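Everything numeric here is computed off the predicted structure, so don't read it as measured data. Proteins come first, then strands; the chains are lettered A, B, ... in the order of their sequence lines, and each starts at number 1.
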Protein chains: 2
Amino acid sequence: MALEIRPSQALKLWRQVHLDLVKDSDADLSARQTAILLTIYLELPPHTVRGLAQQLGVTKPVITRALDTMGKLGLVTRRRDEFDKRNVVIQRTVAGALAVERLADLIVQRSRELGPG
Amino acid sequence: MALEIRPSQALKLWRQVHLDLVKDSDADLSARQTAILLTIYLELPPHTVRGLAQQLGVTKPVITRALDTMGKLGLVTRRRDEFDKRNVVIQRTVAGALAVERLADLIVQRSRELGPG
DNA sequence: CCCGATCGTTACGGACCCGTATCATTATCG
DNA sequence: CGATAATGATACGGGTCCGTAACGATCGGG
C-alpha cells in the first residue's frame with residue numbers, strides 16, 4: 001500500500017506545490033506554521049501549546065506566535081481549558097479546515113500531473 | 001503513469017516532511033527559497049534574477065536576497081554573464097545538489113511509510 | 001495555607017524578509 | 001557619440017520571527 005514515488009517526481013511535486021503556494025500569496029505560512037497547522041488538523045485533539053512545542057521540537061513562544069498569526073488568519077482558535085485553567089486548548093475552525101482541504105487538493109492535483117520522470 | 005495519492009495521504013506526507021525539515025533546523029528555507037532552489041536545480045539553465053522573479057511572480061529584490069541567503073549557505077553561486085555583463089547567471093553547487101538530493105530522499109522515504117489512509 | 005512546579009504569554013534585542021523606489025553598470029539603437 | 005532601456009543590487013521603512021528570559025495565573029503537594 002506504500003506510495004511509489006521516484007526522487008525526481010518527488011522534487012517536481014515539491015517544487016510545483018511550493019510555486020502554487022507562493023503565487024497564492026494569501027497562504028504565506030512558514031514551514032513551522034505549516035507543520036503546526038497540519039498537526040492540529042491531522043492529530044487527535046486536544047492540542048496544547050506545550051504539546052505542539054514538543055512535537056515540533058521548538059520552544060513555546062514559537063507556538064504562541066504561530067497561533068497568534070494563524071488566529072488572525074482565522075485558521076485556528078484558542079480556548080482556556082475549564083478543568084485546568086493553566087492550559088489552552090487549540091481548536092479547529094471552518095476556515096482552517098477549508099485551507100487544509102485546499103492544500104490537500106493542490107497536492108493531489110499536482111501529483112496527477114507528474115510525468116513518469 | 002500518474003501518481004495515485006489520496007488527499008489524506010497527501011496531508012500526512014506534507015506534515016511529516018515539514019516536521020522533518022523543522023527539526024533539521026539547518027535547512028531553514030522559506031517557501032519562496034524552496035521554490036527558487038528547486039527551480040534552479042530542476043529547470044534547464046541558464047537562470048537569471050529576472051527569469052526567476054517572473055517564474056515565481058515576485059519582485060527582483062526577493063530573488064537577490066534569496067540568492068544572498070542561499071549563497072551564504074553554499075547552495076548556489078552567482079557569476080556575471082560574460083556576453084551580457086548586465087546579467088547574472090545563477091549556478092548550482094555540490095552542496096546545493098546534495099541538499100536537493102536529501103530533500104528528495106526524505107520525501108520518498110516518508111511517502112513509503114504512508115498507510116492506506 | 002503556602003510554596004514550588006507548570007502553563008501560556010509577553011518583553012527584549014537581534015536577525016531576516018517584504019515591496020517600493022532608487023542606483024550603478026551595461027547594452028542598444030538612432 | 002548620446003539617449004534610452006534593461007539588469008541586478010541597494011536603501012529604506014515596516015513587519016514578522018527567533019531564542020532567552022522573565023512574568024502572571026493556576027494547580028497541587030506538604
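- Taking a heavy-atom distance under 4.0 Å as the criterion, the stretch of DNA chain C touched by chain B extends 5' to 3' from C/dC17 to C/dA27.
- The line from CZ of A/R32 to NZ of B/K23 is 12.5 Å long, rounded to the nearest 0.5 Å.
- Cluster partners of A/V94, by chain and number: A/L98. The rule joins Ile, Leu, Val, Met, Phe, Trp and Tyr whenever side-chain heavy atoms lie under 4.5 Å apart.
- Residues A/Q33 and B/V88 each lie close to DNA chain D; by heavy-atom proximity, the contact nearer the 5' end of the strand is made by B/V88.
- In 5' to 3' order, the nucleotides of DNA chain D bounding all contacts with chain A (an atom under 4.0 Å from a heavy atom) are D/dC17 to D/dC27.
- Applying the side-chain hydrogen bond (donor to acceptor under 3.5 Å, both in side chains) rule to A/Q33 yields no partners; only residues at least two apart in sequence or on another chain are considered.
- Applying the side chain to side chain contact (heavy atoms under 4.5 Å, CB included) criterion to A/T64, with sequence neighbours excluded, gives A/V49, A/D68, A/R78.
- Sequence order on DNA chain D of the closest nucleotides to B/R78 and A/F83 puts B/R78 first from the 5' end.
- Listed by chain and residue number, nothing satisfies the side-chain hydrogen bond (donor to acceptor under 3.5 Å, both in side chains) test with A/E101 (two or more places apart in sequence, or in another chain).
- A/D81 pairs by the side chain to side chain contact (heavy atoms under 4.5 Å, CB included) definition with A/F83, A/D84, A/N87, A/V89, not counting sequence neighbours.
- Sorted by first and then second residue, the salt bridge (Lys or Arg N to Asp or Glu O under 4.0 Å) pairs with a member in residues 41-53 of chain B read A/R15-B/E43; sequence neighbours excluded.
- Across residues 44-72 of chain B, B/T48, B/V49, B/R50, B/K60, B/P61, B/T64 each have a non-hydrogen atom less than 4.0 Å from an atom of DNA chain D (numbered order).
- With rounding to the nearest 0.5 Å, the separation of CZ in B/R110 from CG in B/L13 is 9.5 Å.
- Shown here are the side chain to side chain contact (heavy atoms under 4.5 Å, CB included) partners of A/T34, two or more places apart in sequence or in another chain: A/L29, A/L38, B/W14, B/H18.
- Scored by the side chain to side chain contact (heavy atoms under 4.5 Å, CB included) test, B/Q109 finds B/R112, B/E113 as partners (sequence neighbours excluded).
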